[in-house]
Visitor: 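Below you will find the structure I want to go over with you.
For the numbers below, each heavy atom of this structure counts, side chains included, while hydrogens, waters and symmetry mates do not. Worth saying up front: this structure is predicted, and the values here are computed from it rather than measured. The sequence lines fix the lettering, A, B, ..., with proteins before strands; numbering per chain opens at 1.
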There are 2 protein chains.
Amino acid sequence: MTSYIEPLAQESTPSIIADKLRKAIGHGEFRPGAQIVEADLARKLGVSRGPLREGMQRLTQEGLLVSIRNRGLFVIDMTPEDIRDMYLAREAIERAAALKILRDGDFETVGLALLAIVDQMAAADGDPAAVGELDIAFHELLVRLADSPRLSRMHQTSIIETRMCIHALEETYLATDARAVEHHRLADAIRTGDVDRTDDLLSAHMDDAIERLVSR
Amino acid sequence: MTSYIEPLAQESTPSIIADKLRKAIGHGEFRPGAQIVEADLARKLGVSRGPLREGMQRLTQEGLLVSIRNRGLFVIDMTPEDIRDMYLAREAIERAAALKILRDGDFETVGLALLAIVDQMAAADGDPAAVGELDIAFHELLVRLADSPRLSRMHQTSIIETRMCIHALEETYLATDARAVEHHRLADAIRTGDVDRTDDLLSAHMDDAIERLVSR
DNA sequence: GGGGTTAACATTGTCGACAATCTACCTTTC
DNA sequence: GAAAGGTAGATTGTCGACAATGTTAACCCC
């Protein structure tokens, strides 16, 4: 039972704006390489350029936007090299998260929670968009349950970049069956507390993802 | 030989401000928990509050500043829990960097470059501040040579947090001998391309650092 | 036609001013 | 004397305006 009385942390406007921008980029509302025109976007969001610029600086720090002086901010364009680098970072983060759970967390509960997502994945078989969402949900849950503010924050950025990749390929991001199997194995390894197997599977999972995204 | 003709990327004002703030925080010019008063700082930096706020948003995204609405931005206060979490993230990043170097980098050259820093460390024996700087230089070089934009960006934040911890303890952060030995072993493991040993040493190195920082 | 100059336009960068909010202190009341 | 209420000061949040910069296209010259 959680108390109703808790510190009410009102989010700052720039952080709300940053969230919205992240969602928009992740869902393909801004194409890779596209310029973000401040005045237009400010009008659409119903704020002035000040707070908007502050929010955009956050995404720039994350590397989702790149700044060119006196020209503007542009959505990052994910090259194959970027995709590899992103998965390098993602694997580092998720491995650390998994390891923390296996070492001093309730890995059995976590494993079962992950398996629940895998079940949904199997149920959603055939719908690539749904499977894609569940894929991301799986990895987000894994990191969240590791209960590490820093890993979570870093992971957030990687997830947006992953979304960008998936969205760019849209219909062609297939192999839903194989992915369900990979996730099932991974969740199982965590449930049983098998460190080495988790490590290997996670690594292979990331390599497969790179392969799927870069090869085409 | 590098070409003189290269894209001239002028940094944006907010990013310059963010760099200055990071340095200031890392060197203890702003105490943990201290409020950053916009008007004062803007005057000192010779800019208006707009660009300054944009720069501060970057540090907020990194987690070096925390925002409380209508009250201001405050330098993060590193609790023992924060220290542990920071080292969890740092280990994840540096491990990935080391692994990448061992797998598809010139690990021998990297190992020698790292050993050069260890030599300086031995030469600077007795001066805790110098050893501290070299300690950080060692880890920065390791990640930089991995040549991963994302790992580098994430590592930058962790390094500032590390600096905060070292600075907070100031004179009492000792055990310079033990640290030189640890770094020497680590550099050697990389030079010889020993993946497992690198992994173990890095892990132990981080644990020791946590112990040194938290125990007091 | 190619290269260079100029001018209009669009966009970003910066600033100062005002509104909203919070804190701290003082006053009032019971 | 303690608690509630009110007030002044300081700080942050937001906005609109202006300056600086870059881009585009038309125009001119060779």
Visitor: Which listed nucleotide (D:dT12, C:dC22, C:dT11) is nearest to the side chain of B:E38?
Guide: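 The nucleotide sitting nearest to the side chain is D:dT12.
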Visitor: Between atom CE in A:M56 and atom C1' in C:dG13, what is the gap in whole Å?
Guide: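 After rounding, the reported distance stands at 12 Å.
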Visitor: B:D40 CG to D:dT11 C1': how many Å, rounded?
Guide: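 Those two atoms, CG and C1', are 10 Å apart.
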Visitor: Please confirm whether the ring centroid of A:H139 lies under 6.0 Å from the ring centroid of A:H155.
Guide: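 Not under 6.0 Å, so no.
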Visitor: Has the side chain of B:S215 got a donor or acceptor atom that lies under 3.5 Å from a matching backbone atom of B:E211?
Guide: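 It does hold such a pair.
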Visitor: Return the nearest nucleotide to the side chain of A:R69; candidates are D:dT11, C:dG13, D:dT14.
Guide: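 Minimum distance to the A:R69 side chain belongs to C:dG13.
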Visitor: Which residues within residues 42-55 of chain A lie with some heavy atom under 4.0 Å of an atom in DNA chain C?
Guide: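 Output list: A:R49, A:R53.
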Visitor: Round to the nearest Å and state the distance from A:N70 atom CG to D:dG22 atom P.
Guide: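 It is 5 Å, rounded to the nearest whole Å.
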Visitor: Are the side chains of B:F74 and B:L65 in contact, using a 4.5 Å heavy-atom criterion?
Guide: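 The answer is no; the side chains never approach within 4.5 Å.
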Visitor: To the nearest 0.5 Å, tell me how far B:I136 CD1 sits from B:T162 OG1.
Guide: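 Reported to 0.5 Å precision, the distance equals 6.5 Å.
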Visitor: For B:I68 and D:dT11, what is the distance between atoms CD1 and P respectively, to the nearest whole Å?
Guide: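 Checked: the CD1 to P distance equals 16 Å.
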Visitor: Could you walk me through whether B:E94 and B:S158 pass the side chain to side chain contact (heavy atoms under 4.5 Å, CB included) test, one step at a time?
Guide: CA-CA 10 Å; B:E94 296 195 16; B:S158 299; over 6 Å; no
Visitor: B:R144 side chain to B:S152 main-chain N or O, any donor-acceptor pair under 3.5 Å?
Guide: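 Not at all, since once roles are kept as given, no pair shorter than 3.5 Å links the two residues.
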Visitor: Using whole Å, what does the distance between atom C1' of nucleotide D:dT11 and atom CD1 of B:I36 come to?
Guide: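 To the nearest whole Å, that distance equals 14 Å.
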Visitor: With nearest nucleotide decided by heavy atoms, which residue, A:Q10 or A:R71, maps closer to the 5′ end of DNA chain C?
Guide: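 Looking at DNA chain C, the more 5' nearest nucleotide goes with A:R71.
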Visitor: Is there a donor-acceptor pair under 3.5 Å between the side chain of A:H183 and the backbone N or O of A:V118?
Guide: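 Pair absent, no side-chain N/O of A:H183 close to backbone of A:V118.
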Visitor: Taking only heavy atoms on the protein side, list every residue of residues 12-20 of chain B lying under 4.0 Å from any atom of DNA chain C, sorted numerically.
Guide: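 The stretch gives B:T13 as the residues lying under 4.0 Å from the strand, ordered by number.
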Visitor: What's the angle between the local helix axes at either end of the helix from C:dG1-D:dC30 to C:dC30-D:dG1, using five pairs per end and rounding to 10 degrees?
Guide: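 Here the local axes at opposite ends form an angle of 0°.
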Visitor: Among A:M164, A:M78, A:E161, find the one that has a side-chain contact (heavy atoms from CB on, under 4.5 Å) with A:I83.
Guide: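 Testing A:I83 for a side-chain contact (heavy atoms from CB on, under 4.5 Å) against A:M164, A:M78, A:E161 leaves exactly one candidate, A:M78.
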Visitor: Start with the C-alpha distance between A:M154 and A:R90, add both sets of side-chain angles, then the distance that settles side chain to side chain contact (heavy atoms under 4.5 Å, CB included), and finish with yes or no.
Guide: CA-CA 9 Å; A:M154 299 185 315; A:R90 236 190 90 181; over 6 Å; no
Visitor: Send over the distance from B:L41 CG to C:dC15 C1', rounded to a whole Å.
Guide: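 Interatomic distance, CG of B:L41 to C1' of C:dC15: 16 Å.
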Visitor: Quick one: does B:D135's side chain have a donor or acceptor within less than 3.5 Å of a partner on B:R179's backbone?
Guide: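 No, because the side chain of B:D135 does not come within donor-acceptor range (under 3.5 Å) of the backbone of B:R179.
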Visitor: What I want to check is whether the side chains of A:T13 and B:R69 have a donor and an acceptor closer together than 3.5 Å.
Guide: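 Present: a donor and an acceptor within the cut-off.
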